[in-house]
Amino acid sequence: MNSSKKMVNPRNAYGEALVELGGEYKNLVVLDADLSKSTKTIMFARKYPERFFEMGIAEANMISAAAGFASCGKIPFASTFAVFATGRVYDQIRMDIAYSNANVKIFATHGGISVGKDGASHQMIEDLALMRVLPNMTVIAPSDATQTKKIVHLMAETYGPMYARVGRADAPLIYTTGDVENIKIGKGIVVEDGADITFIATGTMVEPALEARKNLLKQGIEASVIDMHTVKPLDTSLVLKYAKQTNGIITAEEHSVIGGLGAAVAETLTEKNVSTKFLRMGIKDKFCESGDPADLLEKYELNSKHMVRKAKKLLKK
Amino acid sequence: MKDLSEKKLRQLELMAVKIRKHIIEMLYKAKSGHPGGSLSAVEALVALYFVHMRHNPKNPSDPDRDRFILSKGHAAPALYAVLAECGYFPVEELEKLREINSMLQGHPVCKCTPGVEASTGSLGHGLSFANGVALAGRLDKKDYNVYVMLGDGETDEGQVWEAASVASHYKLDNLVGMIDRNFLQIDGRTEDVLKLESVRDRWTAFGWYTIEIDGHDIQEILDALNEANSHKNQPTMIILNTVKGKGVSFMENNVDFHGVPPNEMERNLAIEELTLVEKKLEAML
């Protein structure tokens, strides 16, 4: 991890964004399921208590109630951990939000295995897949605090069902406030350009991909790094462009290799008959375990070291 | 509220018969759907839409409207018939229930059918949705009320009890629930499938004000709705004691008509029975 970059927690960025938006959007309401201190919705609750709704440990009710708020012209943000925000309430999201095309924003924290010591019960690695398969749903995994803040603003500004997830941990700042104009839902960002291979990463995997690029550069390999914060709708033209102009694609996500970013990219490449060297990095169809986040990312091969190794191997194929 | 005139009451009862005839014709034409729970819900819907609720079929999205949410979405035919008779859409649309390219889906879908507030059909969601609507109304200082109809079997769902807790916690006195207590669900008697009694004690224990009435008596329903609206600091649950398949002799209390439409002979018999009641009521006007 790059020690020169400032570490900021994307969850705090979420809380700050809600507070900023609360002044601008009088119809914005926030719901939480007894995790407001962790999801940081508590920041909004302190500033706008009348528009914050503590719904208790009753996520199904929270999601359907959020849809009820939306039916009255409110912009509800519903938050809890990613495990509870998707899998536990899949039917409520499907019926009341996606099927109804309701203007509900689900913002989840604690996505992925870097949740760490709580173990697999709390490590959500299926959420992107579950949300991506729902018609009408936009799916986003911001990569740093700056981007998170911008994405939350865009979620409020843009009509439609949306799901966004960040991790638990602090994350290095990739973007400065000057970069935010280039952050648009559905548009991937080319953070670094290189001719040899392309990392298409989402969320917490963008920073390790940037680290991997640096190390590969020392070995004479130039990698592009694309921050694909929006997993759905996927920026397919960017995927195809880099599939053609570099010699291979590696997708990286703190998520199962099934159904998420890697799957979406694979579907795009296959359907467009683009033949390229291709590898999905993610959790390989298994549940993980308790442990220090860095140890977990090492064991399950989701850090810059493994990215370097796999990039070299892929190019040799 | 004072009692309705005899004449007005007869007119509402006539409307209930008309709705039942629509239900039978719709399900016969669609060759699928749920007669039993549609027929048991008719009087409550008639009381709400033709007397009690503040709503305007010409402006279904009026922000000040009272809202009705059919949590037991399989009773869609009853809701559609009532909405059509109110003028939300032409009565002719009813013939297209469950057909391809129709605005009348097998279960209610908001943004598809004018007047439908929430997409239902997966049981247990409606009361939660209503929590959001009621909280939003309070936040906006609006005086609308939210009405939700649940099936009795539907209250097997855990989400209903999440919603019950939250509504009571927030003292949502602009929220009125109605349970269509017809004692039957697909697999049999509610008390055999998964015991519900005492329904009233359960809701009371969850902090709700409860009223128990004859769910086919329009005057009783209207009185209960008024009582619910004037009760403060608590949500109200009205337990409607009903008969599944009400109004069609061979469907009444017959669990086989939960989700099976009438065949031609059954449809003819049902329409004949309902026409007799209709004529009797007309003669009383």
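Every chain is numbered from 1, with letters handed out A, B, ... down the list of sequences. In what follows, every heavy atom counts, from backbone to side chain, and hydrogens, waters and symmetry copies are set aside.
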### Task
Flag the one option from A:Ala67, A:Ala60, A:Gly56 with the top tally of heavy-atom pairs under 4.5 Å to chain B.
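It is A:Ala60.
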#### Entry: Interface residue of largest heavy-atom contact number with chain B, from A:Met62, A:Glu54, A:Arg94, under 4.5 Å
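Greatest number of close heavy-atom pairs with chain B: A:Glu54.
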### Of all pairs that satisfy ring-ring contact (aromatic ring centres under 6.0 Å, His included), the ones with a partner from residues 108-137 of chain B, not counting sequence neighbours
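Qualifying pairs: none.
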Can you tell which part of [X] gets under 4.5 Å to a heavy atom of chain A, answering side chain, backbone, both or neither?
X	answer
B:Thr120	backbone
B:Leu135	both
B:Arg67	side chain

### Query
Using a heavy-atom distance cut-off of less than 4.5 Å, which residues of residues 159-176 of chain B contact chain A?
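Within residues 159-176 of chain B, the residues that come under 4.5 Å of chain A (heavy atoms only) are B:Gln159, B:Glu162, B:Ala163, B:Val166, B:Tyr170.
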### Message
Can you list the residues of residues 195-204 of chain B that sit under 4.5 Å from chain A, counting heavy atoms only?
### Response
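Counting heavy atoms that sit under 4.5 Å from chain A, no residue of residues 195-204 of chain B is involved.
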Roughly how far, to the nearest 0.5 Å, is the [atom2] atom of [Y] from the [atom1] atom of [X]?
X	Y	atom1	atom2	value
B:Asn131	A:Met55	CG	CE	5.5 Å
A:Asn61	B:Leu127	CG	CG	7.5 Å
B:Lys111	A:Tyr99	NZ	OH	12.5 Å

### Task
Sort by residue number and list every member of residues 101-125 of chain A having a non-hydrogen atom under 4.5 Å from chain B.
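So far as heavy atoms go, A:Asn101, A:Ala102 are the residues that approach chain B to under 4.5 Å.
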How far apart are the closest heavy atoms of [X] and [Y], and which atoms are they?
X	Y	value
B:Tyr144	A:Cys72	OH-SG, 3.4 Å
A:Met95	B:Ser122	CG-CB, 3.7 Å
B:Val133	A:Ser71	CG2-OG, 3.6 Å

### Check: A:Ser64/B:Ser128 side-chain N/O donor and acceptor closer than 3.5 Å
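B:Ser128 and A:Ser64 do not have a side-chain donor-acceptor pair below 3.5 Å.
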### Message
Measuring only between side-chain heavy atoms, which start at C-beta, is B:Val109 closer than 4.5 Å to A:Ser100?
### Response
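A side-chain contact under 4.5 Å is absent here.
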